[in-house]
Student: 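For reference, the structure I am asking about is given below.
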Amino acid sequence: MPDPDGDHGRRSVRIAVISLIVSSVLTVVGFVVTATTSGRTTSDGGTTVGSTTTGSTTTSGTDGGTAGGEKVDATTGGTDGQTSGEPDGGTDGETSGEPDGGTEETVTAGTDAGTDAGTEADTDTDTESDDGLTPAERDLRDSLNDSQWQRDSCRHSTVPDAEAALVCTVSAQDAAGFAYAAEVAVTAYPSKDVLRSAFRKYAANLPLGNCDVQQGVQGRWTDGTSSKPVGDTACFINNTGMYDIIRTFYDRPVAFEVVGNDPVGLTNWVNALDPVFVD
């Protein structure tokens with residue numbers, strides 16, 4: 001029969017060996033598990049390791065900088081000043097609307113000055129430039145008697161040797177009460193000598209006479225207020241077949257001319273004109 005004590009000894013040895021093996025296996029498994037867990041933590045350490053800096057950066061990238069910005073600012077400073085609206089060297093001054101070095105005030109002042117100070121001057125300049133007249137022509141226009149001369153109708157004309165030349169609409173009634181509107185050319189010359197030279201080009205070959213009762217003559221005219229001559233005049237059929245009346249002034253180097261197809265009616269109308277100038 002087997003020895004009970006010998007069997008018990010052998011069983012104890014086997015149990016010890018098995019325990020040793022199991023313990024070794026468990027130890028190895030523990031190392032493997034520990035190594036695996038450690039590797040995962042290191043790989044995913046954005047949350048656990050360095051949570052203040054790395055985690056905030058991740059949150060900032062995800063949430064657009066609100067939560068992350070506060071955490072980063074608590075550590076490094078400066079960034080939260082821009083997020084919360086507190087001034088930090090000028091950047092937030094532009095964001096919050098507070099003045100920072102005068103940028104906003106300078107822009108506003110420049111705009112207001114350009115608008116307020118220049119509005120009236122610009123309006124006057126635009127009005128004058130739109131009429132197409134020279135300064136000398138504006139002076140001539142403004143000297144005309146606006147009771148009959150429609151100043152707004154005056155437009156630029158071109159006349160040789162003239163300083164200013166206009167064509168304006170004039171409305172008047174003749175002695176019989178006939179209302180008539182005509183375009184009248186009025187021209188200012190640099191001097192009376194230049195005016196006389198220009199007048200002679202039309203009147204040199206015309207005989208002396210009285211344009212109130214004759215045609216194709218030259219003479220003098222009066223404005224009806226006195227018998228004193230106001231200037232020279234010529235009346236004739238021009239090269240277009242129209243009747244032409246030209247009158248000059250002795251007190252200024254100016255002449256006016258009107259053309260029509262009815263010599264008698266045109267003469268009566270011209271004689272019914274009020275004084276041409278207001279001065």
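Remember, predicted model here, so these are calculated numbers, not experimental data.
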Student: Decide if atom CG of Asp146 counts as having more than 12 heavy atoms of other residues, nucleotides or ligands within a radius under 6.0 Å.
Tutor: yes
Student: A quick test of your reading: do over 12 heavy atoms of other residues, nucleotides or ligands sit less than 6.0 Å from CG of Asp251?
Tutor: yes
Student: Does Arg141 reach the side chain of Cys168, with side-chain heavy atoms less than 4.5 Å apart?
Tutor: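 Result no, sub-4.5 Å side-chain heavy-atom pair not found.
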Student: Provide the full list of salt bridge (charged side-chain N to carboxylate O under 4.0 Å, His left out) pairs with a residue in residues 160-170, sequence neighbours left out, each pair given once.
Tutor: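 Salt bridge (charged side-chain N to carboxylate O under 4.0 Å, His left out) check on residues 160-170 returns Asp161-Lys201.
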Student: For residues Phe256 and Val159: do they belong to one hydrophobic cluster (side chain heavy atoms under 4.5 Å, members Ile, Leu, Val, Met, Phe, Trp, Tyr)?
Tutor: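 Each belongs to a different hydrophobic cluster.
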Student: Please step through side-chain contact (heavy atoms from CB on, under 4.5 Å) for the pair Ile246 and Phe236, ending with a clear verdict.
Tutor: CA-CA 9 Å; Ile246 299 175; Phe236 55 94; 4.1 Å; yes
Student: Between Val270 and Cys211, is any pair of side-chain heavy atoms under 4.5 Å apart?
Tutor: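 No; the side chains remain at least 4.5 Å from each other.
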Student: Would you mind reporting whether Arg220 and Thr233 have side-chain heavy atoms less than 4.5 Å apart?
Tutor: no
Student: Sequence neighbours left out, what passes ring-ring contact (aromatic ring centres under 6.0 Å, His included) with Trp149? Give chain and number order.
Tutor: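 Expected list: none.
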Student: What I'd like to find out is whether the side chain of Thr158 reaches to under 4.5 Å of the side chain of His156, using heavy atoms alone.
Tutor: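 Yes; the side chains approach each other to less than 4.5 Å.
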Student: Decide whether Phe277 and Leu133 are clustered together by the hydrophobic rule: side chain heavy atoms of Ile, Leu, Val, Met, Phe, Trp, Tyr closer than 4.5 Å, transitively.
Tutor: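 Both belong to a single hydrophobic cluster.
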Student: Drop me the distance from Asn205's CG to Arg200's CZ, to the nearest 0.5 angstrom.
Tutor: 12.5 Å
Student: Give me the atom names and distance for the closest heavy-atom approach of Ala162 to Tyr189.
Tutor: CA-CD2, 4.0 Å
Student: What are the two closest heavy atoms between Val170 and Val184, and how far apart are they?
Tutor: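 Reported closest heavy-atom pair: CG2-CG2, 3.7 Å.
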Student: Tell me whether the rings of Trp269 and Tyr180 are parallel (<30°), tilted (30 to 60°) or perpendicular (>60°).
Tutor: perpendicular
Student: Distance check, rounded to the nearest 0.5 Å: Glu257 atom CD versus Phe199 atom CZ?
Tutor: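 The distance works out to 11.0 Å.
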Student: Checking Tyr250 now: which residues fulfil ring-ring contact (aromatic ring centres under 6.0 Å, His included) with it, not counting sequence neighbours?
Tutor: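 Counting only residues at least two positions away or on another chain, Tyr250 forms no ring-ring contact (aromatic ring centres under 6.0 Å, His included).
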Student: Which atom names give the shortest non-hydrogen contact between Ser147 and Asn145, and what distance separates them?
Tutor: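 Looking at all heavy atoms of both residues, the shortest contact is OG-OD1, 2.8 Å.
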Student: Ignoring hydrogens and angles, tell me if any N or O in the side chain of Trp221 forms a donor-acceptor pair with the backbone of Thr248 under 3.5 Å.
Tutor: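 It does hold such a pair.
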Student: Give a yes or no on whether the backbone of Gly209 and the side-chain of Gln214 come within a donor-acceptor separation of less than 3.5 Å.
Tutor: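 Judged by distance alone, no pair lies under 3.5 Å.
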Student: Could you tell me the separation between the SG atom of Cys154 and the CG atom of Asp131, rounded to the nearest 0.5 Å?
Tutor: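 Between atom SG of Cys154 and atom CG of Asp131 there are 10.0 Å.
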Student: How long is the straight-line distance from CG of Asn261 back to CD1 of Ile237, given to the nearest 0.5 Å?
Tutor: 10.0 Å
Student: What I'd like to find out is whether the side chain of Tyr202 reaches to under 4.5 Å of the side chain of Asn238, using heavy atoms alone.
Tutor: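 Heavy-atom side-chain distance check fails, nothing below 4.5 Å.
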Student: Just how far is it from atom CG of Leu166 to atom OG1 of Thr187, taken to the nearest 0.5 Å?
Tutor: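 Answer rounded to 0.5 Å: 8.0 Å.
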Student: Test Asp212 against every option in Thr267, Asn271, Thr222 by the side-chain hydrogen bond (donor to acceptor under 3.5 Å, both in side chains) rule and name the one that passes.
Tutor: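 Filter result, single survivor: Asn271.
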Student: Could you state whether Val194 and Phe249 fall into the same hydrophobic cluster, counting links through intermediate Ile, Leu, Val, Met, Phe, Trp or Tyr residues with side-chain heavy atoms under 4.5 angstrom apart?
Tutor: no
Student: Just wondering, do Asn210 and Val217 contact through their side chains at under 4.5 Å, heavy atoms?
Tutor: no
Student: Would you say the side chain of Arg247 lies within less than 4.5 Å of the side chain of Val276, judging by non-hydrogen atoms?
Tutor: no
Student: If I compare all heavy atoms of Gly216 with all of Leu206, which pair ends up nearest, and what's the gap?
Tutor: O-CD2, 3.7 Å
Student: What pair of heavy atoms forms the shortest contact from Gln148 to Ala272, and how long is it?
Tutor: NE2-O, 4.0 Å
Student: With a 4.5 Å limit on heavy-atom distance, are the side chains of Val258 and Tyr243 in contact?
Tutor: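 No - every pair of side-chain heavy atoms lies 4.5 Å or more apart.
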Student: Could you state the interatomic distance from CD (Glu137) to OG (Ser157), rounded to the nearest 0.5 Å?
Tutor: 8.0 Å
